[in-house]
Participant: 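Here it is, the structure in full.
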Amino acid sequence: AQIARQSEKLAFYRGVVAQGAPPIGLRVGEVLLSPGKRPLHYHVDISLLRADRPDGEVSGTVSLTADGRGPGGTTLGNQALLGKPTLQYRFRYYQEFKEDLVLPPGFSPAHLTVTVRSGHRNIAPLIQTYPWSAVSVP
């Protein structure tokens, strides 16, 4: 899991120095999951940062999806995980989200997908999927 986390960080930093930003103009910095105080509860930390020159504010939404196996299906969306439809972002340089999520009993997560949508409708969303074990911190 540590090697996978370090590989994700390396891929992130390579992307920061690489030519050409994604069309949305944002990057997902770090995604970390830590266990909560109760079983099936987790704390998720997500950071967003600008991939282009910060001339003004950017805004939009972030949503999470957990893929895995469970009695209620194989995919859990933002509403099921966080109890809200989306997370709103609005910033110039950097924004961090610290949220608590709850998995239903019997659900075994495999991946966490972060989808960042711009407030401008003509810009394609940024979608990144992480293995659950790679972002989970014991």
Side-chain angles (χ1 to χ4, degrees):
Q2 183 180 4
I3 290 171
R5 278 193 303 273
Q6 289 175 341
S7 295
E8 289 291 328
K9 285 183 180 181
L10 181 60
F12 163 72
Y13 288 117
R14 280 185 182 152
V16 169
V17 297
Q19 295 289 336
I24 195 169
L26 298 176
R27 295 204 187 277
V28 176
E30 277 193 327
V31 177
L32 296 174
L33 283 168
S34 55
K37 295 180 181 178
R38 297 185 293 183
L40 302 175
H41 286 72
Y42 290 88
H43 183 76
V44 62
D45 292 319
I46 301 170
S47 61
L48 297 179
L49 54 123
R50 293 292 292 267
D52 56 1
R53 284 185 277 157
D55 294 334
E57 288 189 336
V58 291
S59 62
T61 61
V62 176
S63 58
L64 304 178
T65 307
D67 298 316
R69 293 190 324 239
T74 59
T75 302
L76 299 174
N78 221 62
Q79 187 69 41
L81 294 170
L82 302 174
K84 47 186 132 180
T86 59
L87 302 170
Q88 303 291 320
Y89 70 84
R90 182 178 195 87
F91 65 94
R92 184 170 182 169
Y93 300 105
Y94 173 86
Q95 184 168 345
E96 191 170 33
F97 295 96
K98 294 178 180 283
E99 299 288 331
D100 293 317
L101 61 89
V102 180
L103 298 177
F107 187 81
S108 176
H111 299 97
L112 180 69
T113 301
V114 178
T115 303
V116 181
R117 288 187 171 79
S118 172
H120 300 286
R121 296 198 187 274
N122 59 345
I123 298 177
L126 171 64
I127 301 170
Q128 292 187 333
T129 301
Y130 305 91
W132 190 271
S133 60
V135 293
S136 292
V137 177

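Remember, predicted model here, so these are calculated numbers, not experimental data.
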Participant: Show the nearest heavy-atom pair for residues Arg117 and Tyr89, with the distance to one decimal.
Facilitator: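 Here Arg117 and Tyr89 meet closest at O-OH, 3.1 Å.
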Participant: List the residues meeting side chain to side chain donor-acceptor pair (under 3.5 Å) with Thr113, not counting sequence neighbours, and say none if there are none.
Facilitator: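 Counting only residues at least two positions away or on another chain, Thr113 forms a side chain to side chain donor-acceptor pair (under 3.5 Å) with Thr129.
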Participant: So Glu30 and Ile46, do their side chains get closer than 4.5 Å, heavy atoms only?
Facilitator: no
Participant: Partners of Glu99 by side chain to side chain donor-acceptor pair (under 3.5 Å), sequence neighbours excluded?
Facilitator: Lys84
Participant: Taking only residues two or more places apart in sequence, or in another chain, which ones meet Glu96 in a side chain to side chain donor-acceptor pair (under 3.5 Å)?
Facilitator: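 In terms of side chain to side chain donor-acceptor pair (under 3.5 Å), with neighbours along the sequence ignored, Glu96 is linked to no residue.
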Participant: So among Ile127, Val28, Thr86, which one has a side chain to side chain contact (heavy atoms under 4.5 Å, CB included) with Thr115?
Facilitator: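 Exactly one pass, corresponding to Ile127.
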Participant: ring-ring contact (aromatic ring centres under 6.0 Å, His included) with Tyr94: which residues, sequence neighbours excluded?
Facilitator: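 For Tyr94 there are no ring-ring contact (aromatic ring centres under 6.0 Å, His included) partners, ignoring immediate neighbours.
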Participant: Return the set of residues passing side chain to side chain donor-acceptor pair (under 3.5 Å) with Ser133 (not counting sequence neighbours), or none when no residue passes.
Facilitator: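 By the side chain to side chain donor-acceptor pair (under 3.5 Å) rule, Ser133 matches no residue at all.
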Participant: Distance-only check: which donor-acceptor pairs under 3.5 Å involve side-chain atoms of residues 57-69, not counting sequence neighbours?
Facilitator:
{"from": "Glu57", "atom 1": "OE1", "to": "Arg90", "atom 2": "NE", "distance (Å)": "2.9"}
{"from": "Asp67", "atom 1": "OD1", "to": "Thr75", "atom 2": "OG1", "distance (Å)": "3.2"}

Participant: Can you run down the ring-ring contact (aromatic ring centres under 6.0 Å, His included) pairs that involve residues 104-135, sequence neighbours left out, and say none if there aren't any?
Facilitator: Tyr42-Trp132
Participant: Are Val102 and Val135 co-members of a hydrophobic cluster defined by side-chain heavy atoms under 4.5 Å apart?
Facilitator: no
Participant: Return the set of residues passing side-chain contact (heavy atoms from CB on, under 4.5 Å) with Arg121 (not counting sequence neighbours), or none when no residue passes.
Facilitator: none
Participant: Who are the salt bridge (charged side-chain N to carboxylate O under 4.0 Å, His left out) partners of Asp100, not counting sequence neighbours?
Facilitator: none
Participant: Search all heavy atoms of Gln88 against all heavy atoms of Phe97 and return the closest pair with its distance.
Facilitator: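 The answer is O-CE2, 3.3 Å.
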Participant: Taking side-chain contact (heavy atoms from CB on, under 4.5 Å) as the definition, give me every residue that meets it alongside Ala134, ordered by chain and number, with sequence neighbours left out.
Facilitator: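 Result, side-chain contact (heavy atoms from CB on, under 4.5 Å) vs Ala134: Ala4, Pro131.
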